[in-house]
2 protein chains.
Amino acid sequence: MFSTASNAQPNFGAFAGMKPQLVTLDELFASTPRETLDIGEGLFWQGDRAQHIFEITEGVLRIFKIIGDGRRVITGFLYAGDMVGLSLKDVYLYSAEAVTAVKVRRLTRKAFQDAIENSPELRPQLFSLMCDEMAAAQEQMVLLSRKSAEERLCSFFLMIGRRHAGGQVPRMVELAMSRQDIADYLGLTIETVSRTITKLIQRGIITPNGRHAFDVTKPGKLLALCGDGDSYEELGGSGVKTRQAVWPN
Amino acid sequence: MFSTASNAQPNFGAFAGMKPQLVTLDELFASTPRETLDIGEGLFWQGDRAQHIFEITEGVLRIFKIIGDGRRVITGFLYAGDMVGLSLKDVYLYSAEAVTAVKVRRLTRKAFQDAIENSPELRPQLFSLMCDEMAAAQEQMVLLSRKSAEERLCSFFLMIGRRHAGGQVPRMVELAMSRQDIADYLGLTIETVSRTITKLIQRGIITPNGRHAFDVTKPGKLLALCGDGDSYEELGGSGVKTRQAVWPN
DNA sequence: CGAACCGTTGAAAGCATTCAACCTCGGTGG
DNA sequence: CCACCGAGGTTGAATGCTTTCAACGGTTCG
């Protein structure tokens, strides 16, 4: 399952014999060999013994669950810098597969836990990551629970695009994954995804740029259609009405 | 953003005058005053400055998000022993309201963080809770993404019932919340919830016991209808086919 | 060049929603 | 004590969005 191309990076500047001080989670993985995954290849499967934590160095991974009759739900896409495999169950609760060619590094759970336990620097970083992941999961619940197909697609494009636009509304969106992957992530069928994208194109909101990329022709409209209203709005209590900058169209 | 189901144990024996060693998260809150919330009362709102972490001592809380045009999504119900408010954003990303009368204890974020940072005992517990919550969130995504109304209701009854049946398939389910709450949690309308429950009753799978409780007349059927297949099944790779005990009917 | 895969488009069907009326149960006040 | 009211819940009919089933177009690769 693994081809290991070892480009282990040298451990920069630490006096010989001294244990280097870890300051970022990234560095935790830096000394382990990189492994590569081909397109479609699995990293681990739902039900496997969970023995490692992985850091994605390059490429895109999908994590998904399969229920009874074969229905697949993609619960997330992971990009370079993300970690996967975090859990305290002894088996993985989901599967991970490469969407594109992927490079990862791995650490045993024990090694990871020890490192975390021994580093007051690392703990807040881990906590932060887990909180972000939880926030993303809740956003996804909102999407799956109450958004229309159009809103789901717009939300998805915004999410993917923002990742490469420093959080700004993107002018371009590159999709690494297939329509089927998108459908399984958004809780739709491949046909509905396709039809909805076609409509967004016809309305001039996005413009195709190859099959897996779009230019966002009307960022403001895309934002308006994602179903999130302004931002955090009228919610009783201390509802602070935040207003977004107005976008062209 | 945190639910968490914890079974806190009592602090056994600490010598008088000595600072007791904290061994459970529960004890962290034990010395703070209890506060009460009436039915429907809010604990905090989406957008409020997130200054406290709460532990629910008694009752049921709902946490939810509201988007643009007033659509409400309940992302979880919290029971005694659960914690809420965990996050590293400076504002809460969701609101929390009392479903029943509720008693809570609160800790400032700083106090909580300090306690965690200073206790090697507490950290794994917190980590464990966060992982459980993440697992629950993913299960919910599966439910919202791919399950039919009937499967959602059956999954919901199982989830609620198991909480009071030590994880076993329950023989009885008590619902603290209204049909509207259930609908907003399952991504359905109140009418669909009502109709689906009626059908389950007509088929003899559950038997009403007041308006907010059911006897599970056919636990096996309930389990079969929840849409989870056996448990973790055919998933390629090391797919270990696990088989459940067979239930009556 | 053809097979296979991915994506798009069309038509029909289905499940949940919407709109609306009705029921049921507590609580309240005459 | 009982009629009335209102909130929460149930049921019916029509609508609609997404799915399903099916056919077709385009690209890649052997």
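Proteins get letters first, then strands, A, B, ... in listed order; numbering begins at 1 in each.
Residue contacts for B:S194: at a heavy-atom cut-off of 4.0 Å it reaches a base atom on one of the strands shown. Across all strands shown, B:G210 has no heavy atoms under 4.0 Å from either base or sugar-phosphate atoms. Among the heavy atoms of the strands lying under 4.0 Å from B:L188 are primed sugar atoms or P, OP1, OP2 only; no base atom is included.
Taking atom NE2 of residue B:H212 and atom P of nucleotide C:dT24, one finds them 16 Å apart after rounding to whole Å. Atom CD1 of A:I190 and atom P of C:dC5 are 13 Å apart (whole Å). Atoms CD (A:Q180) and C1' (C:dT8) sit 14 Å apart, rounded to a whole Å. Whole-Å rounding puts the B:E191 CD to C:dA21 C1' distance at 12 Å. A straight line from CD of B:E150 to C1' of C:dG14 spans 15 Å, rounded to a whole angstrom. Rounded to an integer number of Å, the gap from CG of A:L200 to P of C:dT9 is 13 Å. A straight line from CD of B:E151 to C1' of C:dG14 spans 15 Å, rounded to a whole angstrom. The distance between atom CZ of A:R195 and atom P of C:dT9, rounded to the nearest whole Å, is 9 Å.
At least one side-chain heavy atom of A:Y94 sits less than 4.5 Å from a side-chain heavy atom of A:V84. Here the side chains of A:S148 and A:E151 are in contact, with some heavy-atom distance below 4.5 Å.
Aromatic ring orientation, B:Y79 versus B:H164: perpendicular (interplanar angle above 60°, classes split at 30° and 60°).
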Inset, instruction - Determine, step by step, whether A:K147 and A:S155 satisfy the side-chain hydrogen bond (donor to acceptor under 3.5 Å, both in side chains) criterion, reporting the C-alpha distance in whole Å, the side-chain angles of both residues, the deciding distance to 0.1 Å, and the verdict. - result: CA-CA 9 Å; A:K147 289 188 179 177; A:S155 299; 2.9 Å; yes

Point to revise | A:F64 and A:Y185: CA distance, side-chain angles, deciding distance, side chain to side chain contact (heavy atoms under 4.5 Å, CB included) verdict | key: CA-CA 9 Å; A:F64 61 94; A:Y185 182 64; over 6 Å; no

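Partner of B:E150 under the salt bridge (charged side-chain N to carboxylate O under 4.0 Å, His left out) criterion, out of B:K199, B:K221, B:R203: B:R203 alone.
Distances shorter than 4.0 Å separate none of the side-chain N or O atoms of B:T192 from OP1 or OP2 on C:dA16.
Using a 4.0 Å cutoff to heavy atoms of chain B, the contacted part of DNA chain D runs 5' to 3' from D:dG9 to D:dA13.
Taking the charged nitrogens against the carboxylate oxygens, A:D184 and A:R179 have no contact shorter than 4.0 Å, which rules out a salt bridge.
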